[in-house]
Each structure stands twice: as structure tokens, then as C-alpha cells.
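What follows is one structure encoded as C-alpha cells, with my remarks underneath.
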Protein chains: 2
Amino acid sequence: MSKDRPYSALVHRLKTAGLRPTRQRLALAKLLFESPGGDDRHITAEQLHAEALGESVRVSLATVYNSLHQFTEAGLLREVVVEPGRSYFDTNVSDHHHFYFEDSGELQDIPGEHVQMESLPAAPAGTRVARVDVIIRLSGD
Amino acid sequence: MSKDRPYSALVHRLKTAGLRPTRQRLALAKLLFESPGGDDRHITAEQLHAEALGESVRVSLATVYNSLHQFTEAGLLREVVVEPGRSYFDTNVSDHHHFYFEDSGELQDIPGEHVQMESLPAAPAGTRVARVDVIIRLSGD
DNA sequence: TCAACGAATTAGAATAGTTCTAATGTGTAG
DNA sequence: CTACACATTAGAACTATTCTAATTCGTTGA
Ligand SMILES: [Mn+2]
Ligand SMILES: [Mn+2]
Ligand SMILES: [Zn+2]
Ligand SMILES: [Zn+2]
């Protein structure tokens, strides 16, 4: 279909999401989605910024935040809040839940089938369920 | 049993928790646990501080934070994080989950029986489950 | 190809929630 | 009552995040 460079799939992904494929967004998307384990990363804005700088991708922290939020709105990422002042962006947008290791601050996926709710209560009138977050908090032994 | 003033039950509650019943802790505990609906309040530190000042209880914000954390450690409160930079303290420490109204920022209890997990995955070796948080995020219509 | 324009990026300031510091005050055991 | 550990406090500090307004870039269509 396309004879483009390695970025071609990402370019398409961003365009489809209504986002211009800028140098910064492409580089961040590459780090997010095409690293080893890219379909299950849990990363903070500061971590991604550091990672970019480490790869000599020049991008500001403000742009990292902007991009992460835009990717989230576009459904490419999912935001998971675990502590006040600590939120992760998750490259796995399928239906799943999380272990949170309180000691190390790490998040780990739990496949969706392993936690099932029976009888989710109905959303109150005038609202719809935007998301259901299940976080199993773990502490050391 | 006791012929003490209205604070007597609270004094006992704090002492049992290993906390000295100081003027500030008593006043905050009274606001938290003896308001109408005191077994189901979801309040932030700043809200509680404002409430205290409104009742002419002189207490610093630092003490409000200290007390909320101490109460939480003692099992009198439970902390619920809903957004980066927004955490609530919940006077309902029984097993239950929450609706979060994204528009208004309010939290509402869902009785424990109304959400049941089947087959919670086992905690990874070397860890124990400290808590399971279920937050159903609602957005307007 | 390129001008024009709206969109994106940026540095740095600003904000908000929370925690820290170190000086002062208070509850309680003896 | 005294002494001392514990608690409170004002304000500074800190951290994650958002904002601002100046600059740069991507796209489109002539
Ligand atoms: Mn956000
Ligand atoms: Mn806390
Ligand atoms: Zn995940
Ligand atoms: Zn609750």
C-alpha cells in the first residue's frame, strides 16, 4: 500500500486520530508504541520526556503533556491515576485492570477476563459510564 | 458508662487509635464523623479545612493533612484518589466502591454487594493485597 | 513551489495540592 | 506540677501539571 519510511504506520495512526504528524508527536508515538513491550507500557509524562531526551529527541515537557493528553483523547492511550500527583499513561487500551505495587510505584496489567464484575450497578440517570477502573493495590509481603 | 461531655465517644475513638485527643483532632473528628451523613462523607483536605474555619475551629491546613493521614492509618478513614491532584477521604471504611461524577467532581458510594468480582487474581508472590479500588467514572449524559 | 494561515511547540512562569521545617505550644505520666 | 514527648503552626518548599504568549512548523491551494 505504501512505500514510505518506518514512520509510515505512525503517520497514518496520527492522521486517523486527527492529529498532525509532527516531528515531536511521531517521535513520542514511536517511543510509546514501538518499543519492545509497546502494547503494555505504563509511563509517566516525566519518564517519557526523559526517554525522549535520552534518544536525543528534542521535545519540551509541555509538548509531552500535550501529546499524551491528545493521544488519550484519541483513544490511543489510557490514563491511570494511582496516587495524588502520579498518573500513568497506558499503551494498552483494551479492557483490563491493574496491579499497583505500592512499594515500587509500578503498574502491571491484569487481563480483562481475570476480573469479572457481576451486576455492575446501573449508571444514575443523566450519566453514562465513561470507564471502570479497578486497581488492586499491593504492598510488600 | 460515661458521664462525659459530647466529645467523650470521640475521645475514646482517638485514644483507641493511639492518637492524643487534642483540640484540633477532636474538632476535625467531630466534623468528619458526627455531621449529618457522617458515615458516608467524601471530603478533601481543603474542604475540611474550610469547613473547620467556617465553624470557627482554628486549625492549620498542615494539621488537617496530618490528621487525615493519621486517621487513615488508624483505619478511621480511607483515601480515594480520583484524579491527579484530587484525593478524597472517605468516612465509610467498609468494603464498597465508588461512582465518580467527572463533571461535578463528586464521589458516591456503591454498596459492596452491588459490585462483585469473580475470581480475583492471586497477588504476585511476595505481596499482599492492601486494597481493591473500583471506580466507575461517569460523564454527563 | 511557495505564500499564507492555522496549528503546534516552546521556555518559562504560574498554579494547585501536598509536604517539610523548625519554632512554639500542649497533653499526660509520674 | 513538672518535664518531656508529642502535636501544631506559618510559611517556605516541592512536585506534577497547566498556562501564556512568542516562535516555528505543516498543510493547502494558487
Ligand atoms: Mn490529564
Ligand atoms: Mn496521602
Ligand atoms: Zn495497563
Ligand atoms: Zn465511599
Side-chain angles (χ1 to χ4, degrees), chain A residues 4-5 7-8 10-29 31 42-53 56-74 77 79-89 105 107, chain B residues 4-5 7-8 10-29 31 42-53 56-74 77 79-89 105 107:
Chain A
D4 292 288
R5 275 359 126 266
Y7 279 101
S8 132
L10 290 177
V11 169
H12 183 255
R13 204 160 176 188
L14 292 181
K15 280 188 170 166
T16 298
L19 298 170
R20 287 190 182 176
T22 63
R23 179 176 60 75
Q24 293 86 342
R25 295 208 273 228
L26 281 169
L28 294 174
L31 287 172
H42 302 92
I43 195 169
T44 66
E46 307 255 3
Q47 283 167 2
L48 181 58
H49 187 229
E51 210 170 280
L53 297 189
S56 305
V57 172
R58 286 197 329 293
V59 60
S60 72
L61 184 56
T63 294
V64 172
Y65 274 104
N66 289 340
S67 301
L68 286 172
H69 287 142
Q70 291 151 354
F71 292 0
T72 300
E73 269 179 66
L77 290 176
E79 192 174 0
V80 183
V81 185
V82 291
E83 280 181 23
R86 182 170 222 157
S87 84
Y88 284 95
F89 292 86
L107 267 192
Chain B
D4 292 286
R5 272 6 123 260
Y7 280 101
S8 130
L10 289 177
V11 169
H12 182 254
R13 204 160 175 188
L14 292 180
K15 280 187 170 167
T16 299
L19 297 169
R20 286 189 184 177
T22 63
R23 178 176 60 75
Q24 292 86 340
R25 295 207 274 227
L26 280 169
L28 294 174
L31 288 172
H42 302 92
I43 196 170
T44 65
E46 308 256 2
Q47 283 167 1
L48 181 59
H49 186 228
E51 209 171 280
L53 298 188
S56 304
V57 172
R58 285 199 328 296
V59 60
S60 71
L61 184 56
T63 294
V64 172
Y65 274 103
N66 290 340
S67 300
L68 287 172
H69 287 142
Q70 291 152 353
F71 292 0
T72 299
E73 268 179 67
L77 290 176
E79 193 175 358
V80 183
V81 185
V82 289
E83 280 182 24
R86 182 169 221 159
S87 85
Y88 284 95
F89 292 86
L107 267 191

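Letters go in sequence order (proteins before strands), and every chain restarts at 1.
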With sequence neighbours left out, the residues meeting side-chain hydrogen bond (donor to acceptor under 3.5 Å, both in side chains) with B:Glu73 are none

Practice item. Check whether any side-chain nitrogen or oxygen of B:Tyr65 sits under 4.0 Å from OP1 or OP2 of C:dT18, and answer yes or no. Key: yes

Rounded to whole Å, the CG-P distance (B:Leu68 to D:dT8) equals 12 Å

Between NE2 of B:His49 and C1' of C:dT19 the distance, given in whole Å, is 15 Å

The side-chain hydrogen bond (donor to acceptor under 3.5 Å, both in side chains) partners of A:Ser60 (sequence neighbours excluded) come to A:Thr63

For B:Leu53 and B:Val59, the nearest pair of non-hydrogen atoms, with its separation, is CD2-O, 4.0 Å

side-chain hydrogen bond (donor to acceptor under 3.5 Å, both in side chains) filter on B:Glu46, not counting sequence neighbours, yields none

A:Arg86 CZ to D:dT17 P, in whole Å, measures 10 Å

In whole angstroms, the gap separating P of C:dG17 from CD of B:Glu79 amounts to 14 Å

Rounded to whole Å, CG of B:Leu28 lies from C1' of D:dT8 at a distance of 11 Å

Expected string for nucleotides 1-11 of chain C under the B/S/- scheme (protein heavy atoms, under 4.0 Å, primed atoms plus P, OP1, OP2 as sugar-phosphate) is -----BSSSBB

Residues 14-24 of chain A side chain polar contacts: donor-acceptor under 3.5 Å, at least two apart:
| residue | atom | partner | partner atom | Å |
| --- | --- | --- | --- | --- |
| A:Thr16 | OG1 | A:His12 | O | 2.8 |
| A:Thr22 | OG1 | A:Arg25 | N | 3.2 |
| A:Arg23 | NH1 | A:Arg58 | O | 3.2 |

*Phosphate oxygens OP1/OP2 of C:dT19: is one of them under 4.0 Å from a side-chain N or O of B:His69?*
yes

Taken to the nearest whole Å, CG/A:Leu14 to P/D:dT27 is 11 Å

In whole angstroms, the gap separating C1' of D:dT17 from CD of A:Glu83 amounts to 16 Å

Of B:Gly85 and B:Pro21, the one whose closest nucleotide on DNA chain C sits nearer the 5' end is B:Gly85

Taken in chain and number order and not counting sequence neighbours, the residues that satisfy ring pair (Phe, Tyr, Trp, His ring centres under 6.0 Å) with B:His42 are B:His98

